[in-house]
Student: 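Shown below is the structure under consideration.
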Amino acid sequence: MTFQPAPWPRRLRSQEWYGGDSRDHIYHRSWMKNQGLPADLFDGRPVIGICNTWSELTPCNAHLRDLAQRVKNGIYEAGGLPLEFPVFSTGESSLRPSAMMYRNLAAMDVEEALRANPLDGVVLMVGCDKTTPALLMGAASVDLPAIVVTGGPMLNGWFRGERVGSGTALWQMSEAIKAGEMSREDFLEAEQAMSRSPGSCNTMGTASTMASMAEALGMALSGNAAIPAVDSRRRVMAQLTGRRIVQMVKDDLKPSDVLTREAFENAIRCNGAIGGSTNAVIHLLALAGRAGVDLTLDDWDRLGRDIPTIVNLMPSGDYLMEEFFYAGGLPVVLKRLGEAGLLHRDALTVSGESAWEQVKDARNWNEEVIRPVERALTASGGIAVLNGNLAPKGAVLKPSAASPHLMTHRGRAVVFEDIDDYKARIEDEDLDIDETCVMVLKNCGPKGYPGMAEVGNMGLPPKVLRKGIKDMIRISDARMSGTAYGTVILHVSPEAAVGGPLAVVRSGDMIELDVAARRLHLDVPEAELQARLAAWTPAAPAPSGGYAQLFHTHVEGADTGADFDFLRGRRGKEVPRDSH
Ligand code: FES
């Protein structure tokens, strides 16, 4: 794609607020000056918002105030006026019922803040899982020049000589306790070892995946995704991002120039190569909806099918983000895709250069961390999209995190009606279950939980774990943490709470999985299935009042990204009138 920069200088949007001598212009400027801003900062230079998800309730983003200062330095250096503002921060580790319930709220916050304020461009400061898609979605709907800078991952966790991966170790250790292989005292001691520096999860979980997606989409500067939060180069990246957004405003380089179909295809293939989170499926579908790109679940399956996973990071592999950075980071992966003919080389990035121009000189410094294709972790690392009478609108599975021996399986369903039912019965020694069964969890989708919690990787029953079994097939309409692993079928659509076939599965039914054929089948006669569906009634009443009601009324299915129906598309930057 050839990008034609806009002529410069020209009158910017912010001058509608600041550029004149009317009563309203004076009003807008004068109140800003109570912050000690000199008059010449309102002279027509680019006004850049720093949209910050800093919050002490979002520990992964708690260092972003400091990083914002580096962004400001860069904006000032390039001749812009930086103005930092907070938006709703979706902290994955604390928010109830689920951070995902608030992604769309944060996206609305961002969209309205960008449109309503005198901004010419914006730096999106993100880190923890949902903060990245939320800010990208809001920015895409407004379409002011925008660029992402992430907070960066935590340093490696270490416990007794072993790497401790955020989230991944938590799931492994809690299973080890149930199996009688680890003491609770050791578990408590490992707690601090998991989180030893500022930053987001250090595995290739959802935060690192979404940072990689932002870079692969072309919405962040090259190399942004992997730099650890505490590395001095993270601050350099923030400063360079600040400089870059000023030029983007001058050139009028907008998300609509970058977020093209080619960009999404690059990101999907990249996700396969890094062994990225299944959550990227939902977030990219939602972002594509904002950007007006017709992206579907089928695109995920088709584009990722032949992509080997070459990044050897937990949860699929052995290493952590710190080592990924030392090995060369995402530019190495994108270069590999480009060399294999699997990258749209001409896709434009926020740098003003093409995707290929940005990565063509990248070098791999550690072939154990970023492996050659011949030693890929998984030959087909993309997201497998399953269909069948149990998931008429699709379901997803991450082959690189699954067990090869379970990829073709027929087993007896053991059904949990919701997550509380699961918690109440899973440790019951009399539960009729063994490792050949298929665990089924209902009512954890977008409307059902609400917010589609990361509970799809439900832990195995203790009596199975004690046999040394580490994996069973699990099926739900939930999501799972990007740090989790296992043969876990997620995002079953339509979800149980709206009467999808998942709602009528009964314990004892037989379920067939054939990943190679992309088939997920409930072996119940069609007439019987239809009779069950006709008799179905919702398990719980719809919430009344507040955001929960808005969410329940308008959230769409996982198969299209779980955005609100009224938020799809681009609404632009225009505001109808001044307020005074
Ligand atoms: Fe915030 Fe993992 S919990 S990045």
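Just so you know, ligand 1 is whichever comes first in the structure, and atom 1 is the first atom listed for that ligand.
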Student: Under 2.8 Å from atom 1 (Fe) of ligand 1, protein N/O/S atom count?
Tutor: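 Atoms of protein N, O or S type lying less than 2.8 Å from atom 1 (Fe) of ligand 1 total 2.
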
Student: So for atom CD, which belongs to E191, do other residues, nucleotides or ligands contribute more than 12 heavy atoms lying within a distance under 6.0 Å?
Tutor: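 No, because the 6.0 Å sphere around CD of E191 holds 12 heavy atoms or fewer from other groups.
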
Student: Would you check if there is a donor-acceptor pair between the side chains of E454 and N279 at a distance under 3.5 Å?
Tutor: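 Yes - a donor-acceptor pair under 3.5 Å links their side chains.
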
Student: Is it the case that N156 and E323 place a side-chain donor and acceptor less than 3.5 Å from each other?
Tutor: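 Yes - a donor-acceptor pair under 3.5 Å links their side chains.
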
Student: Determine whether the aromatic ring centres of residues F551 and Y102 are separated by less than 6.0 angstrom.
Tutor: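 So the answer is no for these two rings.
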
Student: With a 4.0 Å cut-off, would you call E111 and R115 a salt bridge?
Tutor: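 Yes.
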
Student: More than 12 foreign heavy atoms under 6.0 Å from CZ of R184: is that the case here?
Tutor: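 Open: at most 12 neighbouring heavy atoms sit under 6.0 Å from CZ of R184.
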
